[in-house]
Amino acid sequence: MEAHQYGEWYRRFTFFLLLLAYLCESANTNIVAALFPPYALDMGLNETEIGFATGVMDISSFIAQLFLASAITPKSRKMFYTTGLFCSGMCVITFGFSGNETKPRAFFIECTLIRALLGVGKAFVTACTVPLVSKLYPEQAGIVTSIAQTCLGLGGMIGGPLGSVLSSVGTAFGLNGYTVPFYLFGSFQLTMFLCALVMIPSNDKDIDVPKPKKAISKNEYYRFIGHKNLLITSSAVVSMLAVSGFKDVAYSPYFENQIGVPIPYLGFVFLGITIPYMCISPLWGYLVHNGNVRYIMWIGLPLGFLAPFLFFLPYLFPALYNLPYSLGILMMDGALFSSFFSASHIVFEKIAEYNGFENTEMNKLMAAGWFNATRALGRVCGSFLIGGVLLQQLQFNKTCLVHAALNLVVGSIALRELYKMGMFKKMYYTMPGEEDEEKGILVPEGVDPTKAVK
């Protein structure tokens, strides 16, 4: 087989595995969001414990992402990817076994430890797949990323309802219905692990793409993340993406207790987020592909406060405690959330170029790693700090008001910072080493690109 044919087959199969990994990740997340909080409350856990047990996965994922960006090389990518798939599959199955525990304290400890390990596996998979897609499809990075996000939405769309259905079927057959969805989805991830182990080449020598000459040094990485403009933008992304962690902890109890949705149907509630997420992701991908990241920033940053603020209004107007109003907010959540997923990694790459870093594969890998880290940190803040500690103190509606105020403040600051950097002109995803002046690649005024940091 010729090298270019082998490379094309490799690209397609790897992208297929990426879609399956994203689908399973999203499906598992929404299964946990639909089933775990009500089950944990029945077991005697409080909101802070539920938030920590949910968010510890993202804490471990965040820590792992900080180190993985400088550790992964083309030769080690398969090892990290397959290890992540195996770890994720085993942890999901084991998480199902924890549902057979009868003591609340032991249940809490088991869930916390399992999800901490799951976070590491998730970090391995995400850190390898996202930069790999950008590397294999650099000319269509925005489009293939939107396809991946659409698949992520599809996983979320089927995860919650399928989890509820499988749980009900398991209960009808005399099993612990809570455990059944985790057994099945974990087994599917182990099947993906076997496919990846056998079929993905051990290195990418047959792929006609540039290879980095050396790994990223720690000093280089610290310099990359030490710029004020990157940290300000990252704080806004963290705050906006916190909704993904908050929903895992808070939405199921809210819709069960305040809206009156029966437990077997809670999984279907999350369709309010995942359907618009899946449907609008191609639009964001089209905008990114055509250099219009600016429109996503204009829409997402100013409006990021709106959804949590609308969840606060029923506290003032109790007539708004109804299903259509709440589902409308979820749909807005899904649309805005997908915009940040589609655009943030491109923005981080362009900020790096603005700060003097060359457009190389390894610098793109750093940007992708930092995006994954901010994503994980956002989920930690949403599940543990906002959906755990704050929710236990303030209840749901007031917690949403605090989150809305936080999004408004950090979003406004980040919008101003991006405007100062000139980020509101067209920005295209470019191949490593490509410098196309017509596409508006950002370089700081007075900086010689040939002397930029490699």
Please check: side-chain N/O of [X] versus main-chain N/O of [Y], any donor-acceptor pairing under 3.5 Å?
X	Y	answer
T171	S167	yes
S235	I232	yes
D58	S61	no
Y325	L310	yes
Q393	L390	no
Q395	N397	no

Heavy-atom pair with the smallest gap, counting every atom of [X] and [Y]:
X	Y	result
I59	V380	N-CG2, 3.1 Å
L316	P318	O-CD, 3.5 Å
I31	P181	CG2-CB, 4.0 Å

Q. Do L23 and I158 touch side chain to side chain, with heavy atoms closer than 4.5 Å?
A. yes
So Y183 and L166, do their side chains get closer than 4.5 Å, heavy atoms only? no
Margin query: Please determine whether the number of non-hydrogen atoms from other residues, nucleotides or ligands lying under 6.0 Å from atom OH of Y265 exceeds 12.
Written below: no
- Are there more than 12 heavy atoms of other residues, nucleotides or ligands under 6.0 Å from atom CZ of F309? no
*Please lay out, stage by stage, how L401 and Y315 fare under the test side chain to side chain contact (heavy atoms under 4.5 Å, CB included).*
CA-CA 10 Å; L401 178 62; Y315 179 77; over 6 Å; no
OG1 of T48 to CD of Q392, rounded to nearest 0.5 Å, is 3.5 Å
Distance col, row I351:CD1 vs H227:NE2, nearest 0.5 angstrom, shows 10.5 Å
Tell me if the aromatic rings of F311 and Y251 count as close, with their centers under 6.0 Å from one another.
yes
Notebook entry, point to check: Under 6.0 Å between ring centres, would you say that holds for F246 and F396?
Noted result: yes
Does E110 pair with K103 as a salt bridge, N-O distance under 4.0 Å?
-> no
Should the ring pair F52 and F384 be called parallel, tilted or perpendicular, given that the plane angle runs from 0 to 90° and is split at 30 and 60?
perpendicular
* Between Y178 and F36, what is the ring plane arrangement, given parallel below 30°, perpendicular above 60°, and tilted in between? -> tilted
Exercise for review: Carefully, step by step, assess F185 and L162 under the rule side chain to side chain contact (heavy atoms under 4.5 Å, CB included).
Suggested key: CA-CA 10 Å; F185 274 86; L162 187 58; 3.7 Å; yes
Sequence neighbours excluded and cut-off under 3.5 Å, please list the side-chain donor-acceptor pairs for residues 90-99, or say none.
unit_1 : atom_1 : unit_2 : atom_2 : d
T94    : OG1    : M90    : O      : 2.6
S98    : OG     : F95    : O      : 2.5

